[in-house]
Chemist: 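Below is a structure I'd like to ask you about.
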Amino acid sequence: MSEFLNKVVIVTGGFQGNGLCIVENFLKHGAKVYSIDKKFKKNEKIKNFTKLKAKIDNFKSIKKIINGIGKKEKKIDILVNNAGISQKFSSKNLLTNWKKTLSINLTAPFFLSYTCLPFLKKSTHPNIVNITSLNGKIAMSKNPAYNASKGGLSALNACLAMDFADFNIRVNAVSPGYIKTGMTFKSFNNNKAYKKRLDRMMIKKYGLPQDVAEAVLFLSSQRSKYINGTEIVVDGGFLKKGI
């Protein structure tokens with residue numbers, strides 16, 4: 001019997017890509033999954049999870065949703081802060097893009113973690129998993145807001161792990177590299193960009209959402225019960241490759 005059977009799991013950004021695969025993986029193991037996103041596919045094959053439509057940086061709505069789940073289920077076992085955006089850099093909309101990206105990628109995980117805290121405390125083995133990024137660890141051109149937000153999320157991950165340890169809540173992160181999703185569509189389908197990225201990888205291919213989902217499942221399980229405040233980098237060796 002899976003340890004996730006009837007566990008209450010919240011996944012933000014479950015509409016597509018990594019988020020949808022994370023949802024599917026928990027469902028396969030018998031979890032009760034709630035996903036919060038601004039939209040969902042109408043004809044999605046994965047139907048047996050609760051879809052809650054809301055903008056992740058509409059904090060009033062998010063608080064209402066979390067309180068509703070917590071009161072209904074009497075607990076929250078796992079929170080996966082997956083929702084994120086990457087906007088094209090524009091000097092014309094400098095502060096607008098910066099504020100929006102940090103609001104969704106950094107402030108929302110902070111707010112969600114503390115809003116879920118009273119209900120996580122009621123779980124036997126509570127966990128938070130943040131989805132950070134390779135971009136938060138190395139310089140990537142023309143995307144300062146995304147890089148800064150993900151670097152900030154890495155720092156927040158460690159801080160939450162320390163503060164929430166008093167409540168027996170583990171907080172860890174998965175840091176994806178180039179995963180084949182809508183966010184990496186352009187580089188994957190551009191021969192020059194694709195080759196440039198593959199040259200930096202030890203494993204010469206883009207990862208799949210399932211690779212991220214498996215890492216999330218591991219960090220949410222008792223197999224990782226002595227792991228806290230760390231990040232699993234899922235990048236095919238991109239970050240550590242030398243010359």
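Only this structure's heavy atoms are used, side chains among them; waters, hydrogens and symmetry mates stay out. Being a predicted model, the structure only gives us computed values, none of them experimental.
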Chemist: Can you hop from Val129 to Leu153 via hydrophobic side chains spaced under 4.5 Å?
Modeler: no
Chemist: Show the nearest heavy-atom pair for residues Ser113 and Leu120, with the distance to one decimal.
Modeler: O-CD1, 4.4 Å
Chemist: Counting only N and O atoms by type, is there a donor-acceptor contact under 3.5 Å from the side chain of Lys241 to the main-chain atoms of Asp199?
Modeler: yes
Chemist: When you measure from the side chain of Ser154 to the backbone N and O of Lys150, does any donor-acceptor pair fall under 3.5 Å?
Modeler: yes
Chemist: Check whether any side-chain N or O of Asn172 sits under 3.5 Å from a backbone N or O of Glu231 as a donor-acceptor pair, and report yes or no.
Modeler: no
Chemist: Ignoring hydrogens and geometry beyond distance, is a side-chain donor-acceptor pair present between Ser86 and Asn143 at under 3.5 Å?
Modeler: yes
Chemist: Report the relative orientation of the aromatic rings in Phe4 and His29; use parallel for angles under 30°, tilted for 30 to 60°, perpendicular for over 60°.
Modeler: perpendicular
Chemist: Please tabulate, one pair per line, all N/O donor-acceptor pairs under 3.5 Å involving side-chain atoms of residues 62-73, not counting sequence neighbours.
Modeler:
unit_1	atom_1	unit_2	atom_2	d
Asn67	ND2	Lys63	O	3.3
Glu73	OE1	Lys32	NZ	3.3
Glu73	OE2	Tyr34	OH	2.4

Chemist: When rounded to the nearest 0.5 angstrom, what distance separates CG in Leu134 from CG in Asn147?
Modeler: 9.5 Å
Chemist: Do Ser224 and Arg170 have side-chain atoms, one donor and one acceptor, less than 3.5 Å apart?
Modeler: yes
Chemist: State the OG-NZ distance between Ser2 and Lys28, to the nearest 0.5 angstrom.
Modeler: 12.5 Å
Chemist: Around Lys38, counting heavy atoms of other residues, nucleotides and ligands shown, do more than 12 lie under 6.0 Å from its NZ?
Modeler: no
Chemist: Any side-chain to backbone donor/acceptor pair from Ser175 onto Thr132? Under 3.5 Å, distance only.
Modeler: no
Chemist: Is Lys121 close enough and on-axis enough to Phe167, meaning under 6.0 Å and within 45°, for cation-pi?
Modeler: yes
Chemist: Got a sec: does the CG of Leu94 have more than 12 other heavy atoms crowding it under 6.0 Å?
Modeler: yes
Chemist: Show the nearest heavy-atom pair for residues Val80 and Ile78, with the distance to one decimal.
Modeler: CG2-CG2, 4.0 Å
Chemist: Starting at OH of Tyr206, measure out to CE of Met201 and round the result to the nearest 0.5 Å.
Modeler: 5.5 Å
Chemist: Considering residues, nucleotides and ligands other than Lys53, do more than 12 of their heavy atoms fall under 6.0 Å from its NZ?
Modeler: no
Chemist: Testing the 3.5 Å rule here: is there a donor-acceptor pair between the side chains of Asn58 and Ser61?
Modeler: yes
Chemist: Closer than 3.5 angstrom, by distance alone: can the side chain of Lys7 be matched with the main-chain N or O of Ala31 as a donor-acceptor pair?
Modeler: no
Chemist: State whether the number of non-hydrogen atoms from other residues, nucleotides or ligands found under 6.0 Å of Asn191 atom CG is greater than 12.
Modeler: no
Chemist: For Ser35 and Val11, indicate whether the former's side chain and the latter's backbone hold a donor-acceptor pair under 3.5 Å.
Modeler: yes
Chemist: Would you say Lys75 has more than 12 foreign heavy atoms packed within less than 6.0 Å of its NZ?
Modeler: yes
Chemist: Suppose the criterion is ring pair (Phe, Tyr, Trp, His ring centres under 6.0 Å): which pairs have a residue in residues 214-243, not counting sequence neighbours?
Modeler: Tyr178-Phe238
Chemist: Checking Thr12 side chain against Asn82 main chain: does a donor-acceptor pair fall under 3.5 Å?
Modeler: yes
Chemist: Using a cut-off of 6.0 Å, state whether more than 12 heavy atoms not belonging to Met202 lie near its atom CE.
Modeler: yes
